[in-house]
Amino acid sequence: MTTTAESGGSGAPAAVKSAVRTVQLLEHFASRPGLHSLADIQSDLSLPKSSLYMLLRTLVNLGWVETDATGTRYGIGVRALLVGSSYIDGDEVVAAARPTLDRLSDDTTETIHLARMDGTSVVYLATRQSQHYLRPFTRVGRRLPVHSTALGKALLATHTDEEVRALLPRRLEAVTEHTITDRDRLIEELALVREQGYAVDREENTLGLRCFGVAVPYRTPARDAVSCSVPVARLTPGHERGIKAALFAARDRLSVVTRRM
């Protein structure tokens, strides 16, 4: 006899299968802002149309998904924001890092990020906006490729070359014309990152923007990093030296406050 705990064909519990589909759907919306038709969502996720529709209607009723006036297009709902905010609000590292991020912002006058490695991406946990009119667009929760950012390269450098090869494909996505797309070339750069103690994004993620990043070594390998982003047009040799010195000082302060985390 088949029970409600069983799924047809796969042998996996139906409740677990439904949970996996729910997470897939929410992550799909999170990576694609705006509203999307049922047909487009089905095409992207390859889920049965009837099951997808029922899942969407359930999530709309619960506030996790929103729909337009016609009820035919769907997007992420406000409850996802509440859960995301609670993650940031409850994170010990983010709380401990706030004074250091404030000071780093004052010392450099540029945009500051605290980010965490999540698979092959880095996710912004906190930002401090530049004091200048010309500044990069940033927001908490933004997800960027680990290989194209100073934050990501600083974190990858705390892993072994074998771990990096296992994590990343041989050919990497080109975010800009300057992105390193060859895994072996990236691994060569990671050796330099380990030697000098910081990573550099040379317009590899955003044209016209250079970023410097350092890992926060309260774990091995590190999972969090801090960076400073500055438009190339404003980056002088003296400003670059000041940014690197400020990042090293911030890393040392964060190493102390996060030592027992």
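Remember, predicted model here, so these are calculated numbers, not experimental data. Heavy-atom basis, side chains included; hydrogens, waters and symmetry copies ignored.
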* Asked: Would you say Val214 and Phe248 make side-chain contact, with heavy atoms under 4.5 Å?
  -> yes
* Structure fact -> Sorted by chain and residue number, the salt bridge (charged side-chain N to carboxylate O under 4.0 Å, His left out) partners of Arg57 (sequence neighbours excluded) come out as none
* To do: For residues Thr179 and His147, determine if any side-chain heavy atom of one lies less than 4.5 Å from a side-chain heavy atom of the other.
  => yes
* Who are the salt bridge (charged side-chain N to carboxylate O under 4.0 Å, His left out) partners of Arg194, not counting sequence neighbours? -> Asp161
* Short question: side chain of Thr176, backbone of Glu203 - any donor-acceptor pair under 3.5 Å? -> yes
* Closest approach of Gly77 to Glu66 (non-hydrogen atoms, all atoms of both residues) -> CA-CG, 3.6 Å
* **Verify same cluster id: Leu168, Val175 (apolar side-chain graph, 4.5 Å)** => no
* In Å and rounded to the nearest 0.5 Å, what is the OG1 to CG distance from Thr108 to Leu247? -> 7.5 Å
* Roughly how far, to the nearest 0.5 Å, is the CG atom of Leu144 from the OG1 atom of Thr206? -> 7.0 Å
* To do: Indicate the atoms forming the closest heavy-atom contact of Asn205 with Ser148, along with that distance.
  => OD1-OG, 2.9 Å
* Residue pair His159 / Ala222: nearest heavy atoms and the distance that separates them -> NE2-O, 4.3 Å
* So do the side chains of Leu26 and Ile76 get within less than 4.5 Å of each other, counting heavy atoms only? -> yes
* Asked: For the side chain of Ser130 and the backbone of Thr109, is there at least one donor-acceptor N/O pair under 3.5 Å apart?
  -> yes
* To do: Report, as yes or no, whether the 6.0 Å neighbourhood of atom CD on Glu92 holds more than 12 heavy atoms from other residues, nucleotides or ligands.
  => no
* **Spatial distance of atom CG (Leu167) from atom CZ (Arg183) [nearest 0.5 Å]** => 10.0 Å
* Asked: If you take all heavy atoms of Leu52 and Ile41, which pair is closest and at what distance?
  -> CD2-CG2, 3.9 Å
* Taking atom NE2 of His28 and atom CG of Asp44, what is their separation to the nearest 0.5 Å? -> 4.0 Å
* Would you check if Trp64 and Thr22 make a side-chain contact, meaning some heavy-atom pair closer than 4.5 Å? => no
* Donor-acceptor contact present, side-chain Ser43 to main-chain Ala39, <3.5 Å -> no
* Check Leu151 against Ala115 and note the closest heavy-atom contact, atom names and distance. => CD1-CB, 3.6 Å
* To do: Let me see the working for Arg202 and His178 under side chain to side chain contact (heavy atoms under 4.5 Å, CB included), right down to the final yes or no.
  => CA-CA 7 Å; Arg202 303 171 181 84; His178 302 291; 5.8 Å; no
* For residues Cys211 and Lys153, determine if any side-chain heavy atom of one lies less than 4.5 Å from a side-chain heavy atom of the other. => no
* To do: Run the numbers on Gln42 and Tyr53 for side chain to side chain contact (heavy atoms under 4.5 Å, CB included), then give the verdict.
  => CA-CA 9 Å; Gln42 181 189 15; Tyr53 178 76; over 6 Å; no
* To do: With rounding to the nearest 0.5 Å, note down the distance linking CG in Leu192 to CD1 in Ile187.
  => 14.5 Å
* **Sub-4.5 Å side-chain heavy-atom contact between Arg21 and Leu55** => yes
* Among residues two or more places apart or on two chains, list those pairs meeting salt bridge (charged side-chain N to carboxylate O under 4.0 Å, His left out) that have a residue in residues 167-178. => Arg170-Asp184, Arg171-Asp182
* Asked: Applying side-chain hydrogen bond (donor to acceptor under 3.5 Å, both in side chains), which residue pairs with at least one partner in residues 241-257 are found, sequence neighbours left out?
  -> Tyr198-Lys244, Glu240-Lys244
* To do: Any chance you could lay out the side chain to side chain contact (heavy atoms under 4.5 Å, CB included) test for Leu235 and Phe212, step after step, and finish with the verdict?
  => CA-CA 12 Å; Leu235 185 62; Phe212 304 87; 4.0 Å; yes
* Is a side-chain N or O of Arg73 found less than 3.5 angstrom from the main chain of Asp68, in a donor-acceptor match? -> no
* Side chains of Asp107 and Arg103: closer than 4.5 Å at any heavy-atom pair? -> yes
* **Residue pairs involving residues 112-125 (criterion salt bridge (charged side-chain N to carboxylate O under 4.0 Å, His left out); sequence neighbours excluded)** => Asp91-Arg116, Arg116-Asp224, Asp118-Arg143
* To do: Check step by step if side chain to side chain contact (heavy atoms under 4.5 Å, CB included) holds for Val122 and His113.
  => CA-CA 11 Å; Val122 289; His113 304 298; over 6 Å; no
* **Minimum-distance pair of heavy atoms, taken over all atoms of Leu155 and Ala215** => CD2-CB, 4.3 Å
* Could you check if a side-chain atom of Val193 sits within less than 4.5 angstrom of a side-chain atom of Leu156, using non-hydrogen atoms only? => no
* Taking atom NE2 of His239 and atom OG1 of Thr236, what is their separation to the nearest 0.5 Å? -> 6.5 Å
* Identify, with sequence neighbours excluded, every residue that meets salt bridge (charged side-chain N to carboxylate O under 4.0 Å, His left out) alongside Asp40. => none
